[in-house]
**Q** 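Handing you a structure now.
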There are 2 protein chains.
Amino acid sequence: MSQCCNKDELNMITRKTTQEISIGDVAIGGNAPITVQSMTNTDTRDVISTVTQVKALEAAGCELIRVAVPDMEAASAISRIRDQITIPLIADIHFDSRLAVAALENGAQAIRINPGNLGGADKLARVVDAAKMYNAPIRVGVNSGSIEKELLKKYGYPTPENTRALIESALTNVAALEKLGFNAIKISIKSSDTLTTIAGYRELSERTSYPLHIGVTEAGGLIPGTVKSSVALGILLFEGVGDTFRISLTRDPVEEIRVGYELLRSLRIRERGPEMISCPTCGRTRIDLFPMAEEIERVLQTMKSNLKVAVMGCVVNGPGEAKEADIGIAGGHGTGIIFKKGELWKKLPEDELLATFLDELAKMEQERLAK
Amino acid sequence: MSQCCNKDELNMITRKTTQEISIGDVAIGGNAPITVQSMTNTDTRDVISTVTQVKALEAAGCELIRVAVPDMEAASAISRIRDQITIPLIADIHFDSRLAVAALENGAQAIRINPGNLGGADKLARVVDAAKMYNAPIRVGVNSGSIEKELLKKYGYPTPENTRALIESALTNVAALEKLGFNAIKISIKSSDTLTTIAGYRELSERTSYPLHIGVTEAGGLIPGTVKSSVALGILLFEGVGDTFRISLTRDPVEEIRVGYELLRSLRIRERGPEMISCPTCGRTRIDLFPMAEEIERVLQTMKSNLKVAVMGCVVNGPGEAKEADIGIAGGHGTGIIFKKGELWKKLPEDELLATFLDELAKMEQERLAK
């Protein structure tokens, strides 16, 4: 296994080196942590709803937020939104270069565009001038569904075997920005297909040193979307590809952030909050574990320390199989145990088990945070 | 990209060659499809509850079912369970060799044991004799938490950098079976840690040609468990490692099957039922997409054909971004469209949209199944 190049990461992963850019005070690429971002699904013109959603996302750990800017009213709402949020804001623009300029004038700290669809070189030049003036990076955001017609004709619709159209679209658009003397760039090439995503970003990361925003687009509902994104982004991040990402789900975007951190944790890239390991229960289980596990999961979501917590159905195997847990609970016949690092801490009747466990968990959280 | 060795798979994946075994009528390893299995969490002695759960799992696509056998009553329940289910049954045994023999006598079509904890060579020999007599394969199932003490002392507790204890435990136990002339073996080495799982199975697959049962143990609740399993198993399957698997979740095991098929689909290894791509919605969305998407998702779960279905928030980008969908729906301002393969099929007022879409979807399902 190769050496690690980044203190965030274990030595199973060698992160590809990319240029660092900054969106507001958040660095992307280089040695910066891999950041978790999302996009609001509120009407951007509705400042109250948008700010409320961004605040919920901030609380969940979202580090960059993108908002759609379909019209001038949305562009001008950005300044009022920014006044009330703390994470950097990225404006998502399609087709209309004037919206990009207006978004930047209203305080967008970055813009996501598809430079090829802004209506020509002059219009792109005006957007780039504004991005330079406001020190705002540009994401070149290519999607399988919005590739230039001539590239589709030349290279065919993107598939895992042939991602040329995606790559060429991205690199052509990047070259257009470079020609205008602009280099604060990150790139995305999104597809709703897992294998196309993997193949495309693998190749792109060999052909550019700009930071990459990775993601699967239109990934779907909570479970299908979580699986698709975990597989595609998991494989890419494991190979060292990707500097920032969005998990796209047809759900409350707060779930996107939660899945995002679980993904980073699973590869030991970053940790946020406690980890719960819990067994699936089996015919040996003599305790009603699911409600207990769900209650503990709910409490853990409010905690900040990186405690490792186990919830096991079986007193015999539980503590041994969860040796690495700082604290764990295991149920038996009417009684249960609480264990720490695999060793028995307390044996209790079932009806005192959960309350005692949650008390001790709260104490341990306090101690960790006090350190 | 390398050549494919199995008709189920795209050429991004080269599956490692393993020996084929059969559990009942289900082949595992070799060129057999990668199978999705689960484990009941009912009391095995409670035949009605166990059969009910197995039937729900069968309906969801579960291909092999494991039941815990903690005592003789559970072992003898197996014959009555088998009478009422169609998929092969695997008995999960710890410590007591008599339970393994009794499970086989009662019709278990395979057993999962940790040969090192059955109480010595004589007892293991008796189990192997019974397995031979009933033509039942044995899974050598090693867990990080139940490795032999001397191996732990020699090699240390398994970590991503050092999976020796897991591997040596598995291979030592396999050698003990081989010495008894037994070769109908599959192997698992489970850990609750994603990276340990990846590193361990990677090495194991190089050191053995027995089929591998892969999985992350105690993976956790629905979302954390789905992410962990998707990342670990996604990476392994993408590298061609793994012949059968279980997604372990602290939830209704039917969810394990659902996640399992989403995993196989995401890597285009196997497909079961329709696929839905759906956008996460954004500030451009002028339709209440989430309830519509959830309703469509619910209907799709009852369908069998491999239709690709899109649910998009935006009439402008939706059809283009979901060109590959057989049928799709996109919402606008009070009206919406239904499209097929990226082309407009019908424009409708919002209140007729969902019903018309579901009607057409049902028709297309019928047509596909009639083919």
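What you are looking at is a predicted structure, and each value in this text was computed from that prediction instead of being measured. Just so it is clear: chains get the letters A, B, ... in the order the sequence lines come, proteins before strands, and each one is counted from 1.
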**Q** Highest number of heavy-atom pairs under 4.5 Å with chain B: which of A/Asp71, A/Ile198, A/Ile147?
**A** A/Ile198

**Q** Looking only at heavy atoms and a cut-off of under 4.5 Å, which of A/Arg251, A/Glu297, A/Lys228, A/Glu324 has the most pairs with chain B?
**A** A/Arg251

**Q** Which residue, B/Pro253, B/Ser38, B/Ser229, forms the side chain to side chain contact (heavy atoms under 4.5 Å, CB included) with B/Ile247?
**A**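 The passing option is B/Ser229.
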
**Q** Kindly indicate, with the supporting measurements, whether the criterion side-chain hydrogen bond (donor to acceptor under 3.5 Å, both in side chains) is fulfilled by B/Thr40 and B/Gln53.
**A** CA-CA 7 Å; B/Thr40 53; B/Gln53 191 170 67; 4.6 Å; no

**Q** What option among B/Thr44, B/Val259, B/Ile235 has the most heavy-atom pairs under 4.5 Å with chain A?
**A**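 The residue among B/Thr44, B/Val259, B/Ile235 with the greatest pair count is B/Ile235.
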
**Q** What residues form a side-chain contact (heavy atoms from CB on, under 4.5 Å) with A/Asp288, not counting sequence neighbours?
**A** A/Pro291

**Q** Evaluate side-chain contact (heavy atoms from CB on, under 4.5 Å) for A/Leu236 paired with A/Phe245, printing each intermediate quantity in order.
**A** CA-CA 11 Å; A/Leu236 288 169; A/Phe245 66 84; over 6 Å; no

**Q** Which region of B/Leu249, side chain (C-beta onward) or backbone (N, CA, C, O), has a non-hydrogen atom less than 4.5 Å from a non-hydrogen atom of chain A, or is it both or neither?
**A**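 The backbone, not the side chain.
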
**Q** Name the option with the most non-hydrogen atom pairs under 4.5 Å to chain B; the candidates are A/Glu294, A/Glu255, A/Glu239, A/Met39.
**A**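 It is A/Glu294.
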
**Q** Below 4.5 Å, heavy-atom pairs only: which of B/Pro280, B/Gly234, B/Ala68 has the largest tally toward chain A?
**A**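 Of the options given, most contacts go to B/Pro280.
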
**Q** Side chains of B/Thr250 and A/Val311: does their closest heavy-atom pair fall under 4.5 Å?
**A** no

**Q** Considering only heavy atoms, which portion of B/Thr42 lies under 4.5 Å from any heavy atom of chain A: side chain, backbone, both, or neither?
**A** backbone

**Q** Quick check on the interface: out of A/Pro224, A/Ser192, A/Ala74, who has the most heavy-atom pairs with chain B under 4.5 Å?
**A** A/Pro224

**Q** Do you know which of A/Met276, A/Glu256, A/Arg246 has the most heavy-atom pairs with chain B at a distance under 4.5 angstrom?
**A** A/Arg246

**Q** Less than 4.0 Å between a side-chain N and a carboxylate O, is that true for B/Arg268 and A/Glu161?
**A** no

**Q** Could you check whether any side-chain N or O of B/Arg265 sits under 3.5 Å from a backbone N or O of B/Gly273, counting only pairs where one atom can act as donor and the other as acceptor?
**A**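 Flag set: sc B/Arg265 to bb B/Gly273 pair under 3.5 Å.
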
**Q** Please report the closest heavy-atom contact between A/Thr196 and A/Pro158, naming both atoms and the distance.
**A**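 Of all heavy-atom pairs spanning A/Thr196 and A/Pro158, the closest is CG2-CB, 4.0 Å.
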
**Q** Measure distances from A/Ala293 to the heavy atoms of chain B and classify the residue's part below 4.5 Å as side chain, backbone, both or neither.
**A** side chain

**Q** Under a 4.5 Å heavy-atom cutoff, which of A/Leu222, A/Thr285, A/Asp193, A/Val67 has the most pairs with chain B?
**A**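 Counting heavy-atom pairs under 4.5 Å, the top option is A/Asp193.
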
**Q** Does any backbone or side-chain atom of A/Asp46 lie under 4.5 Å from a heavy atom of chain B? Answer side chain, backbone, both or neither.
**A** neither

**Q** Non-hydrogen atoms of chain A under 4.5 Å away: do they reach the side chain of B/Tyr261, the backbone, both or neither?
**A** neither

**Q** Can you list everything that forms a side-chain contact (heavy atoms from CB on, under 4.5 Å) with A/Arg286? Sequence neighbours excluded, please.
**A**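 By the side-chain contact (heavy atoms from CB on, under 4.5 Å) rule, A/Arg286 matches A/His333, B/Asp43, B/Arg45, B/Pro70.
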
**Q** Please look at A/Arg258 and chain B and tell me whether the side chain, the backbone, both or neither of the residue comes under 4.5 angstrom of a heavy atom of that chain.
**A**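 Side chain only.
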
**Q** By the definition side chain to side chain contact (heavy atoms under 4.5 Å, CB included), identify the one residue from B/Leu99, B/Val69, B/Asn117 that meets it with B/His94.
**A**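 Testing each of B/Leu99, B/Val69, B/Asn117 against B/His94, the sole residue satisfying side chain to side chain contact (heavy atoms under 4.5 Å, CB included) is B/Asn117.
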
**Q** For chain A, which candidate among B/Glu262, B/Arg284, B/Lys323 shows the most heavy-atom pairs at distances under 4.5 Å?
**A** B/Arg284

